[in-house]
J.: 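Below is the structure I would like to discuss, written out as C-alpha cells.
Each chain gets a letter, A, B and so on, in the order the sequences are listed, and its residues count up from 1.
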Amino acid sequence: DAKTTQPTSMDCAEGRAANLPCNHSTISGNEYVYWYRQIHSQGPQYIIHGLKNNETNEMASLIITEDRKSSTLILPHATLRDTAVYYCIVRSFGNEKLTFGTGTRLTIIP
Amino acid sequence: GAVVSQHPSWVICKSGTSVKIECRSLDFQATTMFWYRQFPKQSLMLMATSNEGSKATYEQGVEKDKFLINHASLTLSTLTVTSAHPEDSSFYICSARQDGASGNTIYFGEGSWLTVV
C-alpha cells in the first residue's frame, strides 16, 4: 500500500473547522483513502473513506485532489471530544490490511 | 456504523499463565479479522490476520506459538497470549472487515489492556 505523510500535530479552536491534510503521492488507481481516529485508550474509530470523489458523512468531509496525491479531512465544527490522533491510510480494495503510520495528534482548544 | 466488541476490556494475569481475548462482530459477519498491539505512545502494529475456518497469517516477528489465534465462526475470533511475560503487557485491539461494495470497511473493537505481573 502507498505510504502517507501527515503532520505530527495540529491545534484547532473549538467550534472552528479542523482541516487535516494527508499526502499520498504514490497512491495507485485501485487504492482508497481511509481516515480513522483514536481517542486516548480506545480502539480506532472509522471516520470516512473515498476513492476519487469527495465524500461527506455525519462525522466529516473528505476532499481528495484531482490527481489523488493528497487529501484533507474536514471536521466542520470541532468540539473538545474531537481531540484524538487521526490516521490517514491508503489501502487497495483487495488488500485486507490497514497499516497505521504515526498520524496527526489533533488538539481542540477551548 | 458496525460494532465490534472485545472482551475483556482489561485483564491482569500472572507471569507464565495464558490469557484469552475475544473479538466479536455484533451486527455483521466477518470472514476476516485482525489483531493489533499498541505500546504506549506508539502506533498500532498489526500482529496477524485471522480468517474464518483457516489458519491465521502472522506478521514478521510475531510468534505464532505464543499468540494463538482462533477464528471458529464468522462473528468471533480469539487471541490467546500463552505463557505471558511482563513484556507482553500492552493494549491489544481487534478489527473486523465488513464485506460490502464500498471499500470493505474495517471496524475496530474497544481494545483490551493486558497487564502481566
J.: Is B/Gln38 close to chain A through its backbone or its side chain, or both, or neither, when contacts mean heavy atoms under 4.5 Å?
T.: side chain
J.: If you look at every heavy atom in B/Thr105 and A/Tyr36, which pair is closest and at what distance?
T.: CG2-OH, 4.2 Å
J.: Using ring centroids (six-membered ring only for Trp), state whether A/Phe100 and B/Phe108 fall under 6.0 Å.
T.: yes
J.: Heavy-atom distance under 4.5 Å between the side chains of A/Lys97 and B/Thr57, does that happen here?
T.: no
J.: Under 4.5 Å between side-chain heavy atoms, hopping through other hydrophobics if needed: is there a path connecting A/Val33 to A/Ile63?
T.: no
J.: Tell me whether B/Met45 shares a hydrophobic cluster with B/Leu114, the cluster being built from Ile, Leu, Val, Met, Phe, Trp, Tyr side chains joined at under 4.5 Å.
T.: no
J.: With chain B, which of A/Gly101, A/Gly50, A/Gly103, A/Pro44 has the greatest number of heavy-atom pairs at distances under 4.5 Å?
T.: A/Pro44
J.: Could you see if B/Leu76 belongs to whatever hydrophobic cluster contains B/Val4? Use Ile, Leu, Val, Met, Phe, Trp, Tyr and a side-chain cutoff under 4.5 Å.
T.: no
J.: For the hydrophobic clusters of this structure (ILVMFWY residues joined by side-chain heavy atoms under 4.5 Å, transitively), does one cluster hold both B/Leu79 and B/Leu26?
T.: no
J.: Do the side chains of B/Leu74 and B/Met33 join up, straight or via other hydrophobic residues, at under 4.5 Å, putting them in one cluster?
T.: no
J.: Between A/Gln45 and chain B, with a heavy-atom cut-off of 4.5 Å, which part of the residue counts as in contact: side chain, backbone, both or neither?
T.: neither
J.: Heavy-atom distance under 4.5 Å to chain A: side chain of B/Ile93, backbone, both or neither?
T.: side chain
J.: Got a sec: does the NE2 of B/His7 have more than 12 other heavy atoms crowding it under 6.0 Å?
T.: no
J.: Can you name the closest pair of heavy atoms from A/Ser41 and B/Trp113 and give their distance?
T.: OG-CZ2, 3.7 Å
J.: Could you check whether atom NZ of A/Lys52 has more than 12 heavy atoms from other residues, nucleotides or ligands sitting under 6.0 Å from it?
T.: no
J.: May I ask you to decide if A/Thr102's main-chain N or O and B/Ser43's side chain share a donor-acceptor pair within less than 3.5 Å?
T.: no
J.: Does any non-hydrogen side-chain atom of A/Tyr34 lie less than 4.5 Å from one of B/Ile106?
T.: no
J.: Which atom names give the shortest non-hydrogen contact between B/Leu44 and A/Tyr87, and what distance separates them?
T.: CD1-OH, 4.2 Å
